[in-house]
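Both counts, for ligands and for their atoms, begin at 1 and track the order of listing.
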Amino acid sequence: MTGSFAFNSLPMNPTIETLTRLHELECSECGQPHSAHQLQLVSECHQMPLVATYDLRERLSRSAAINLADASMWRYRALLPLLDDKNKVSLGEGFTPLLHLPTLGGRYELPHLLLKDEGQNPTGSFKARGLSMAVSKAKELGATGCIIPTAGNAGVALAAYCARAGLRAVVAMPRHTPKAFKEACYWYGAEVQLIDGLINDCAAWVRQRNADGQLLDVSTLKEPYRLEGKKTMGYELAEQLGWQLPDVLLYPAGGGTGLIGIWKAFREMQQLGWLAPDAKLSRMVAVQADACQPLVATYTGQQANCHDYVGRPSIANGLAVPRPLGEKMMLRVLAESNGTALSITDEEMIEGMRELARHEGLFVAPEGGAVWIAARKLLASGWIAPGERILLLNTGSAQKYLDNVEGRWEK
Ligand SMILES: Cc1ncc(COP(=O)(O)O)c(C=O)c1O
């Protein structure tokens, strides 16, 4: 053998665009432009999330944009914000399976029931996509370390990608987070701080710890590029479905990057002309935990916004986000897509996990159990019709959650 085989060294079709179409960053509130060539956090004008925009005026066909030889989220290279490939920090994230669920679909009269299994990502959750992108951009723009408040999975992903990149990682997570999340962070060499409280309490600690701004704060939506990693789920599922979209997409919403990112991808694909002109976009459903449902409370008019919401822990650790910075953006997605929001009890999540494990061979995170039960509820209420194409987004594997769910396979 001469030389080792590396996937990224596969010969690439020379007609594929390898340069990013990244244009600039815009304030999500008012559209004010911000430079994409320096490290940025929230917008100067509104202190709200910045969103990457791309120059899509010049035609970019699917065949010129997608590197079919790359079985990772990086196959959509031109639509991702990295300027130079030498800064790419990748563990093979993305391009996860889209599975048909015939048994549960048959049992509940949902013949077109699908699940995208994000538990099969490196580090066991969809957070790998966002953190691969954020750490790549951190490296590209000269950061030496990153800091994150996390409910668990994002911290593990940050620790892994920083280890890969040779950057420092500081992770603050609730003390009650299952042991496997903490262990993984230690193994990857991160500095871990355990906090009494939820992710908002971790965020307060992060602000203090990083008062000198030495570390890049990659908190959900405070940093613009995790969203770009997450949006690749939208491109992927469209590609996997032959450039059609499901009628309904159910997403377990905490901070909301997946919901907002997938919708961003749908809009970009519309602009690119990759979807049929009359194609209907999916109705987006945000699924939360009963114990912490700020978005549902605002959506249903129980409060004006989430600013004073007080949440409790859930076995779906990722859903315990009491005051998401991206609340307005999530509400916009629900409104534009004719979607809805609902919450699920922890007990129901266990039931959902049980059904997916026993009947489909899928050991999903409680967040995945939640979206399945949400689909059942929406079917029962008539919001979902039996013939519709339903996509469940399972965001993680159950493996790290055993402290929360051990033995609960028994009824
Ligand atoms: C497994 C899982 N699902 C869903 C979420 C919620 O993700 P987001 O905060 O991007 O909405 C998280 C967040 O930690 C998670 O770990």
- atom 3 (N) of ligand 1 [closest protein heavy-atom partner, distance rounded to 0.1 Å]: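 Checked against all protein heavy atoms, atom 3 (N) of ligand 1 sits closest to Thr395 OG1, 2.6 Å.
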- Identify, for atom 10 (O) of ligand 1, the protein heavy atom at the shortest distance, and state residue, atom and that distance.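 It is Thr257 OG1, 2.5 Å.
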Indicate whether the side chain of [X] and that of [Y] have a donor and an acceptor atom separated by less than 3.5 Å.
X      : Y      : result
Tyr54  : Gln271 : no
Glu93  : Tyr161 : yes
Gln302 : Thr300 : yes

- Message: Could you check, using the six-membered ring where one of them is a Trp, whether Tyr235 and Trp243 have ring centers closer than 6.0 angstrom?
- Response: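 Distance test on ring centres: not under 6.0 Å, no.
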- Message: If you count heavy atoms of other groups shown closer than 6.0 angstrom to NE2 of His176, is the number above 12?
- Response: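 Counting other residues, nucleotides and ligands, NE2 of His176 exceeds 12 neighbours.
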Quick check on contacts: which atoms of ligand 1 are under 4.0 angstrom from a heavy atom of [X]?
X      : result
Asn153 : 1 (C), 15 (C), 16 (O)
Gly256 : 8 (P), 9 (O), 10 (O), 11 (O)
Lys230 : 10 (O)
Pro252 : 4 (C), 6 (C)
Gly255 : 8 (P), 9 (O), 11 (O)

- Item | Atom of Pro174, atom of Ala151 and distance for their closest heavy-atom approach |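 Scanning both residues completely, I find the closest heavy atoms to be CD-CA, 4.3 Å.
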- Query: Can the positive tip of Arg358 be found less than 6.0 Å from the middle of the six-membered ring of Trp409, inside 45° of the ring normal?
  - Reply: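 Here Arg358 fails the 6.0 Å and 45° test against Trp409.
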- For atom 8 (P) of ligand 1, which candidate among Tyr251, Tyr401, Phe181 provides the closest heavy atom?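 Nearest heavy atom to atom 8 (P) of ligand 1 lies in Tyr251.
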- Message: For ligand 1 and Ser125, I'd like to know whether there is a polar contact (N/O to N/O, distance under 3.5 Å).
- Response: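 Looking only at distances, the answer is no, because the N/O contact criterion of under 3.5 Å is not met.
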- For Ala365 and ligand 1, does the shortest N/O to N/O distance drop below 3.5 Å?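 Min N/O separation from ligand 1 is not below 3.5 Å for Ala365.
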